[in-house]
Student: 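Shown below is the structure under consideration.
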Amino acid sequence: MVTLAEVARHAGVSPSTVSYVLSGKRSISTATRKRVELAISELGYHPHAGARALAGKRSHIIALVVPLRIDVYVPVMMEIALSVTVAAREYGYDVLLLTNDEGPDGVRRVAASGLADGVILMDVEMDDARIPVLRETGTHAALIGLPADSSRLACVDHDFERAGALCAEHLADLGHRDIAFIGYAPAVYQRHAGYAERTLTGFRRAADARGLRILHRPCEGSYESTAGALARILADRPATTGFVVQNEGAIGPLLSLLRTSGRIVPEDASVVALCSDPLAEQYSPALTAVAGPARELGRQAVDLVMNRLNGRPVQEVTLLTPELTRRESSGPAPVR
């Protein structure tokens, strides 16, 4: 890797002169500046991101904190990460990936080092320990998720409360009165993941407004855990005819288990999933699903960071409207 000292020798100037040319902090003669710029070009010198930041220049890097958990659905997270990368490149920025296991210390390290001009957090919890660090350090940041307190933050997320409500309302409109909600693993609710808690809140409120009898059963997403969840549901509420599934891993096992128990979808049991449309269309029968644009989350998060970097006003909370697409897995409640 070419160093600043090598550029200085090649141009016949001092290292401090090269630094002043890069930072623009001092006036340098046109002839000297051209010699330094030519040396930089000929040697292929690229200033270190941290050095540029210390010199008062932008690093042109955005740090993206991605979840590293076994209880998240990786394809959706990767789709969001890819959209962040594509949107950042449109601004001339690169993306530095961090994992959320670094927690507040990772955010603090990036803020202190100057390695990144801004940070995007994913997998936001209701009381996220990383958020006080963002406020304390004044980091230009955007959250893909919505914490309990969003003041002085820039957040973009799906409207998960509305998504949960859409599921309950759809099944109620079809005449179902006993509905089960198969959610994520217990650990997701224990750490108060925003997307899980808000979906369940919206579902419960809509169910209560429509006079539905509901059950919520957390599920790890494996075949065995889904079988256990279904067995408990049918033991507690044998008349259950509607199923809402937010855990993507449980969708396939649930459809299989309903078939083996003699329940035909949708004649005997209706299933509504909270998942992407491509995933919903992979199953037989194709799933009625509530979905939102995952790629739009990434693009808007990058826009929020760039607006903050450039001193433009930003909206604290932007919620993307989910849509319910009816397919073959939901139908009128069976007449008993």
Student: Within the side chain of Ser150, is there an N or O that forms a donor-acceptor pair under 3.5 Å with the backbone of Pro147?
Tutor: no

Student: Is there a side-chain contact between Arg9 and Pro15 in this structure, where contact means two heavy atoms from C-beta onward sitting under 4.5 Å apart?
Tutor: no

Student: With sequence neighbours left out, what residues match Asp128 under side chain to side chain donor-acceptor pair (under 3.5 Å)?
Tutor: Arg130

Student: Leu82 and Val76: same hydrophobic cluster, using ILVMFWY side-chain contacts below 4.5 Å?
Tutor: no

Student: Heavy atoms only: give me the nearest Ala206-Ala168 pair and the separation to one decimal.
Tutor: CB-CB, 3.9 Å

Student: Is it true that the side chains of Glu197 and His192 contain a donor and an acceptor less than 3.5 Å apart?
Tutor: yes

Student: Would you confirm whether Arg135, through its side chain, and Ser151, through its main-chain N or O, come within 3.5 Å as a donor-acceptor pair?
Tutor: yes

Student: May I ask you to test the Asp94-Arg89 pair for a side-chain heavy-atom distance under 4.5 Å?
Tutor: yes

Student: Only counting residues at least two apart or in another chain, list the ones meeting side chain to side chain donor-acceptor pair (under 3.5 Å) with Arg109.
Tutor: Glu102

Student: Is there a side-chain contact (heavy atoms from CB on, under 4.5 Å) between Val245 and Leu287? Walk through the geometry before answering.
Tutor: CA-CA 11 Å; Val245 191; Leu287 292 169; over 6 Å; no

Student: Using side-chain heavy atoms (C-beta onward) and a distance below 4.5 Å, is Leu297 in contact with Ser83?
Tutor: no

Student: Which atom names give the shortest non-hydrogen contact between Gly298 and Val84, and what distance separates them?
Tutor: CA-CG2, 3.6 Å

Student: Rounded to the nearest 0.5 Å, what separation is found between the OH atom of Tyr195 and the CG atom of Leu200?
Tutor: 13.0 Å

Student: Which atoms form the tightest heavy-atom contact between Ile80 and Ala294, and what is the distance?
Tutor: CG1-O, 3.7 Å

Student: Please find the pair of heavy atoms, one from Ser330 and one from Leu174, that lie closest to each other, and give the distance.
Tutor: CB-CD1, 4.0 Å

Student: State the CG-CZ distance between Leu171 and Arg210, to the nearest 0.5 angstrom.
Tutor: 10.0 Å

Student: In the hydrophobic clustering that connects Ile, Leu, Val, Met, Phe, Trp and Tyr at side-chain heavy-atom distances below 4.5 Å, which members other than Leu146 occupy its cluster, ordered by chain and number?
Tutor: Val317, Leu319

Student: A side-chain contact here means heavy atoms from C-beta on lying under 4.5 Å apart; do Leu230 and Leu258 qualify?
Tutor: yes

Student: Set out, in order, the CA-CA distance, both residues' side-chain angles and the distance that settles side-chain contact (heavy atoms from CB on, under 4.5 Å) for Arg58 and Leu309, then state yes or no.
Tutor: CA-CA 10 Å; Arg58 290 186 178 180; Leu309 280 169; 3.9 Å; yes

Student: Kindly write out the residues that satisfy ring-ring contact (aromatic ring centres under 6.0 Å, His included) with His176, not counting sequence neighbours, or none if the list is empty.
Tutor: none

Student: Show me the pairs that pass salt bridge (charged side-chain N to carboxylate O under 4.0 Å, His left out) and involve residues 224-247, at least two apart or across chains.
Tutor: Arg217-Asp236

Student: What pairs of residues pass the salt bridge (charged side-chain N to carboxylate O under 4.0 Å, His left out) test when at least one of them lies in residues 154-167, not counting sequence neighbours?
Tutor: Glu161-Arg198, Glu161-Arg205, Arg162-Glu169

Student: So do the side chains of Phe160 and Leu274 get within less than 4.5 Å of each other, counting heavy atoms only?
Tutor: no

Student: Distance from Arg152 atom CZ to Ile131 atom CD1, nearest 0.5 Å?
Tutor: 11.0 Å

Student: Please report the closest heavy-atom contact between Ser284 and Arg259, naming both atoms and the distance.
Tutor: O-NH1, 3.4 Å

Student: Checking side-chain contact (heavy atoms from CB on, under 4.5 Å) for the pair Leu115/Ile61: CA distance, chi angles, key distance, verdict?
Tutor: CA-CA 7 Å; Leu115 285 173; Ile61 292 174; 5.9 Å; no

Student: Start with the C-alpha distance between Cys167 and Phe181, add both sets of side-chain angles, then the distance that settles side-chain contact (heavy atoms from CB on, under 4.5 Å), and finish with yes or no.
Tutor: CA-CA 10 Å; Cys167 297; Phe181 186 103; over 6 Å; no

Student: Suppose we screen for salt bridge (charged side-chain N to carboxylate O under 4.0 Å, His left out). Which residues come up paired with Asp127, at least two apart in sequence or across chains?
Tutor: none

Student: Taking Val244 as the starting point, is it possible to reach Leu215 by hopping between hydrophobic residues whose side chains are less than 4.5 Å apart?
Tutor: yes

Student: Measure the CZ-CG distance between Arg308 and Leu153 for me, rounded to the nearest 0.5 Å.
Tutor: 6.5 Å

Student: Would a 4.5 Å heavy-atom cut-off, applied to side chains only, mark Ile233 and Ile182 as touching?
Tutor: yes

Student: For Leu257, is there any backbone N or O sitting under 3.5 Å from a side-chain donor or acceptor partner on Ser261?
Tutor: yes

Student: So do the side chains of Leu134 and Leu143 get within less than 4.5 Å of each other, counting heavy atoms only?
Tutor: yes

Student: Not counting sequence neighbours, which residues clear ring-ring contact (aromatic ring centres under 6.0 Å, His included) with Tyr189? List them please.
Tutor: His216

Student: Closest approach of His140 and Val305, non-hydrogen atoms and distance?
Tutor: O-CG1, 4.4 Å

Student: Between Asp173 and Arg326, does at least one N-O distance fall below 4.0 Å, as a salt bridge requires?
Tutor: no

Student: Return yes if some donor-acceptor pair links the side-chain N/O of Ser329 with the main-chain N/O of Val271 below 3.5 Å, else return no.
Tutor: yes

Student: Please check: side-chain N/O of Ser270 versus main-chain N/O of Gly242, any donor-acceptor pairing under 3.5 Å?
Tutor: no

Student: In Å and rounded to the nearest 0.5 Å, what is the CZ to CD1 distance from Phe203 to Ile214?
Tutor: 4.5 Å

Student: Say whether, by atom type as modelled, one donor and one acceptor occur between the side chain of Asn307 and the main chain of Asp303 under 3.5 angstrom.
Tutor: yes

Student: Should Ile264 and Tyr283 be counted in the same cluster of Ile, Leu, Val, Met, Phe, Trp and Tyr side chains packed under 4.5 Å apart?
Tutor: no

Student: Quick test of your reading: applying ring pair (Phe, Tyr, Trp, His ring centres under 6.0 Å), list the pairs with at least one residue in residues 85-111, sequence neighbours left out, ordered by first then second residue.
Tutor: His60-Tyr93

Student: Scan residues 281-296 for pairs that pass salt bridge (charged side-chain N to carboxylate O under 4.0 Å, His left out), counting only residues two or more places apart or in two chains.
Tutor: Glu79-Arg295, Glu281-Arg327, Glu296-Arg299

Student: Applying side chain to side chain donor-acceptor pair (under 3.5 Å), can you list everything that pairs with Asp178, at least two apart in sequence or on another chain?
Tutor: Arg213

Student: Does the Asn310 side chain pair with the main chain of Arg312, one donor and one acceptor, at a distance under 3.5 Å?
Tutor: no

Student: Heavy-atom count check: over 12 atoms from other residues, nucleotides or ligands less than 6.0 Å from Glu323 CD?
Tutor: no

Student: Does one hydrophobic cluster hold both Met126 and Val124, with members joined at side-chain heavy-atom distances below 4.5 Å?
Tutor: no

Student: Less than 4.5 Å apart, any side-chain heavy atom of Glu136 and any of Val107?
Tutor: no

Student: Sequence neighbours left out, what passes side chain to side chain donor-acceptor pair (under 3.5 Å) with Ser29? Give chain and number order.
Tutor: Thr32

Student: Is the side chain of Asn247 donor-acceptor paired with the backbone N or O of Cys219 at a distance under 3.5 Å, no angle test?
Tutor: yes

Student: Measure the CD1-NE2 distance between Ile144 and His158 for me, rounded to the nearest 0.5 Å.
Tutor: 9.5 Å

